[in-house]
Protein chains: 2
Amino acid sequence: MTRALTRKGEATRARIVAGAAAEIRERGVDEVRLEDVMARTGTSKGQLFHYFPEGKDELLLAVAEHEADQVLIDQEPMLSNLTSWPAWLAWRDRLVERYLAQGMQCPLNGLLGQAGRRAPGAQAVVTGLMGRWQKAITEGIRHMQSTGDIAPEVDADRAAAALLAGIQGGVLLLLSTGRIDHLEAALDLTIDSLRAGARAV
Amino acid sequence: MTRALTRKGEATRARIVAGAAAEIRERGVDEVRLEDVMARTGTSKGQLFHYFPEGKDELLLAVAEHEADQVLIDQEPMLSNLTSWPAWLAWRDRLVERYLAQGMQCPLNGLLGQAGRRAPGAQAVVTGLMGRWQKAITEGIRHMQSTGDIAPEVDADRAAAALLAGIQGGVLLLLSTGRIDHLEAALDLTIDSLRAGARAV
DNA sequence: GCAAAAATGGACCTGCAAGTCCAAAGCTTG
DNA sequence: CAAGCTTTGGACTTGCAGGTCCATTTTTGC
């Protein structure tokens, strides 16, 4: 029951999503009007409602999915190859670098409070993102346990949950205070404690 | 140049702020209309603009301040007395209990994305809250260092930053996934690593 | 090359929620 | 007790942003 889309149509749709995402990152969800998206992407109102018949909510959901994917893609290939301490550090550096560059623009922030309540699906998008993110970290920890770099008693899931929380909180604090300290501290101290786990046994 | 307010006036103003805060907690910032606040607090439009001449933004800012204060008050007296390991655990339990009870209602969430951009002052409110919060944690760590329960080499500020990040991220994940795991894991693992620091020396 | 379907443009409608205004009631104070 | 405030109520205005509609152009497939 998916509606037919020509190649040109798909391109336009993608352009709209990307443009809306950028606009939202720069100015915040609630400041962005459909007109802004139209202006930025060179489209008309007819097109918006052609590709997103349910209107703004549907567009927002598409943006949410787009941004959620992007978050993980931006961490590759590091995130999927946490197989040595240098690799972990490279990943850490990538995260810091990425969020520092992004500054106070936030792809997720909007999704949470705003879209989270609006579209019931947006909640699911965020949950899914966090699940995938945590799974990747867990796998990294398990791999390090298999090579003896992390103590076997460490509960990989729990440690990954804590690390993910530290990252999210670090980003949140970057967003609200403009400082990167918290993200760095959370990453460094949590990773250090994983490392210490190896010696502790 | 503060405008005169009789006792009755102050009571009304406070009632409006408290009612608006509750409404926002329950239904989200962007779902709350002035009419909702009026209905809940039994006030008229005239009153709203009498006490908040700048309109909705000014009210939102007042709510932000109110909620920010509440967040810290809810952690007392534990937060200001992190002077022994049992005290730390009591604080940890209070946090978990409080946020578990609060579920997916979020006092801060709205402040960040939404009001954060709207009112320039809301940003400052959040920054101030985080600063006070982190300061309290730092003082707790310093105290534990003074009694030898935490190793002196631990960078108290950095550790507090990491812990605060873990808490914020834990709450964020509770908000988006509905699960308390992350908050618990972040608190437990971070506090444990502070504890381990004493032995490590 | 021609019908059918998809893509595009933009004028128009509509509802709603913030904000305005003023008139009436209630304190409170000399 | 009266004058001057603060407080209150609610009708009215206004602007705007989301959404509707349809006419036109372009693409697709046979």
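Just so it is clear, the values below take in all heavy atoms, side chains as well, and ignore hydrogens, waters and symmetry mates. Sequence lines set the chain letters: A, B, ... in the order given, protein chains first and strands last, and positions in each chain run from 1.
Applying the 4.0 Å criterion to OP1 and OP2 of C:dG10, one finds that A:Lys45 has every side-chain N and O outside that range. Side-chain N/O atoms of B:Thr6 include none lying less than 4.0 angstrom from OP1 or OP2 on C:dT28. An OP1 or OP2 oxygen of D:dT6 is reached within less than 4.0 angstrom by no side-chain nitrogen or oxygen of B:Tyr51. Phosphate proximity of D:dG18 to A:Lys56: present, with a side-chain N or O under 4.0 Å from OP1 or OP2. For D:dT8, one of the phosphate oxygens OP1 or OP2 lies less than 4.0 angstrom from a side-chain nitrogen or oxygen of B:Gln47. Checking the phosphate oxygens (OP1, OP2) of C:dT8, a side-chain nitrogen or oxygen of A:Thr12 falls inside 4.0 Å.
In this structure, B:Arg158 pairs ionically with A:Asp188, as a charged nitrogen and a carboxylate oxygen lie closer than 4.0 Å. Looking at A:Arg27 and A:Asp36, a side-chain N of the basic residue comes within less than 4.0 Å of a carboxylate O on the acidic one, giving a salt bridge.
A donor-acceptor pair shorter than 3.5 Å can be found between the side chains of A:Gln134 and B:His182. A:Glu76 and A:Ser80 share a side-chain donor-acceptor pair at under 3.5 Å.
One interatomic measurement links the two molecules: CE of B:Met38 to C1' of C:dT20, which rounds to 14 Å at whole-angstrom precision. In this structure, A:Glu35 places its CD atom 11 Å from P of C:dA11, rounding to the nearest Å. What separates CZ of A:Arg33 from P of D:dG19 is a distance of 13 Å, to the nearest Å. The distance between atom CD of B:Glu10 and atom P of C:dC27, rounded to the nearest whole Å, is 17 Å. Counting to the nearest Å, the C1' atom of D:dT25 and the NE2 atom of A:His50 are 13 Å from each other. If you measure from atom CD of B:Glu31 to atom C1' of C:dA17, you get 13 Å, rounded to the nearest angstrom. At whole-Å resolution of the value, CZ in A:Arg15 and P in C:dT8 are 7 Å apart. In this entry the distance linking CG of B:Leu48 with C1' of C:dC21 reads 15 Å, nearest Å.
Ring geometry for B:Trp85 versus B:Trp88: interplanar angle of 30 to 60°, hence tilted.
Counting non-hydrogen atoms under 4.0 angstrom, A:Gly55 reaches the backbone sugars and phosphates but no base. Residue contacts shown for B:Gly9 are limited to sugar-phosphate atoms, with no base heavy atom under 4.0 Å away.
With C:dT8, D:dT8, D:dG18 as the candidates, the nucleotide lying closest to the side chain of A:Phe49 is D:dG18.
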